[in-house]
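Okay, so here's the structure we're looking at.
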Amino acid sequence: MLTSSRRLSRRSTLKLIGGGAAAGALIRGFPAPAIAQGAPIRVGFMLPYSGTYASLGKNIDQAFRQLVAEHGDKLGGRPVEYVTVDDEAAPPKAPDNMTKLVSRDKVDVVVGTVHSGVQMAMVKIARENNTLMIIPNAGADAATRAMCAPGIFRTSFSNWQPCFPMGKVMADAGHKKVVSITWKYAAGEEMIAAFKEGFVKAGGSVEAELLVPFPEVEFQSYLTQIAEKKPDAVFTFFAGGGAVKFVKDYHAAGLRKSIPLYGAGFLTDGTLQAQGEAAEGIQTTLHYADDLDVAADKTFRAAYQKRYNAEPDVYSVQGYDAAALLAVGLDAAKGDTGARDTIVKAMQAAKINSPRGPISFSPAHNIVQNIYLREVRKGKNAFVRIAHEALADPATGCRLA
Ligand code: PHB
């Protein structure tokens with residue numbers, strides 16, 4: 001963490017820089033143009049490009065660039081320049097990484113990140129500096145609840161959104177006593193809490209909540225505890241490399257047949273090739289599936305496969321929509337990044353035909369979207385049904401509206 005004196009001095013430095021620029025424009029005798037002709041929009045990617053979430057960061061980055069390419073390589077009529085920072089999904093490094101993008105590289109918009117703990121440090125700095133920021137994954141509930149801000153938008157989900165509907169899904173499947181297991185950090189704990197809220201409301205009870213230190217993947221002792229407790233089912237959140245290992249270990253421990261495994265859809269998204277047979281039949285809830293009957297998805301998937309020679313996943317869709325949302329804002333302002341009110345108003349009102357289906361934005365600037373029940377069939381997250389249509393986060397404590 002930055003000390004408070006360093007934070008103060010950063011603020012005063014920013015003030016000085018701002019004053020200096022204005023004085024420079026006056027000395028030259030004419031006001032600085034709002035947009036330097038043809039100057040690129042500077043997009044700062046703060047994403048994990050290494051570690052257990054590396055593939056998530058890469059897919060967000062790739063699909064964002066895909067949309068910009070499909071948009072004539074421009075946003076708001078201006079070319080786009082990228083600055084990338086590998087945040088390593090490491091919260092202690094987050095303040096320095098974010099400060100570098102905002103104060104040193106002076107990007108026009110920050111696109112990031114994946115890990116909820118890293119995100120909260122970014123939200124704090126974005127609020128201090130009035131930074132325009134689009135969250136393309138991290139679900140930290142507070143980012144669009146108590147810590148919401150005019151310049152902060154999210155094109156992914158709040159941790160609550162994909163998990164709350166699973167409570168009813170599992171209760172309807174006849175499960176009464178469930179054990180949960182996840183990583184011990186904000187995303188895992190908030191997702192379990194959301195699932196529990198829905199499950200208890202539907203008459204179920206969570207008998208034990210197992211927590212694994214992040215990003216550890218030694219699951220044996222936890223699997224032994226699950227076998228001993230013999231719950232009706234298990235609900236879990238793991239993602240990326242950790243999800244691959246958990247699903248394989250659960251299968252290898254012989255638990256799949258006796259204790260069905262459910263999860264937030266991250267458990268099986270972008271991971272199925274590596275999980276293979278071990279993932280077949282797992283049911284999850286998420287805002288995407290591999291076979292949606294959505295025209296925009298067919299175009300998106302074909303273009304992504306062609307461009308990257310790889311299958312897109314939910315993270316790609318979230319990155320793609322981050323660029324689509326930014327395009328709406330910057331097109332409305334004709335590329336003038338100084339016209340913040342115009343940008344924010346247009347983004348708030350955006351209605352986008354996303355590959356995941358129709359999306360819009362709540363007054364708290366969090367995405368409103370369908371949550372789908374999916375089942376892994378032949379290596380794909382197959383659509384089963386809509387678990388909750390157009391679900392908005394409760395946005396408790398956000399005073400933007
Ligand atoms: C998070 O930390 O918010 C997070 C990370 C990976 C996911 C979902 C949420 O797949």
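Residues take their numbers from the sequence shown, with the count starting at 1. As the structure lists them, so they are numbered: ligands from 1, and atoms in each ligand from 1.
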When you check the gap from the basic side-chain N to the acidic O, do [X] and [Y] get nearer than 4.0 Å?
| X | Y | answer |
| --- | --- | --- |
| E280 | R377 | no |
| K124 | E128 | yes |
| D291 | K380 | no |

Could you give the side-chain donor-acceptor pairs of residues 211-221 under 3.5 Å, partners two or more places apart or in another chain?
none

Got a sec, which pairs hit salt bridge (Lys or Arg N to Asp or Glu O under 4.0 Å) with one end in residues 344-366, sequence neighbours left out?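 Pairs touching residues 344-366 that pass the test: D321-R356.
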Heavy-atom contacts with ligand 1 below 4.0 Å: which residues, ordered by chain and residue number?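 Residues near ligand 1: Y53, L56, V114, H115, S116, N137, A138, G139, F157, N159, Y185, A187, M191, F237, A239, F266, Y315.
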By salt bridge (charged side-chain N to carboxylate O under 4.0 Å, His left out) - contacts of D105 (at least two apart):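 Here the qualifying residues are K100.
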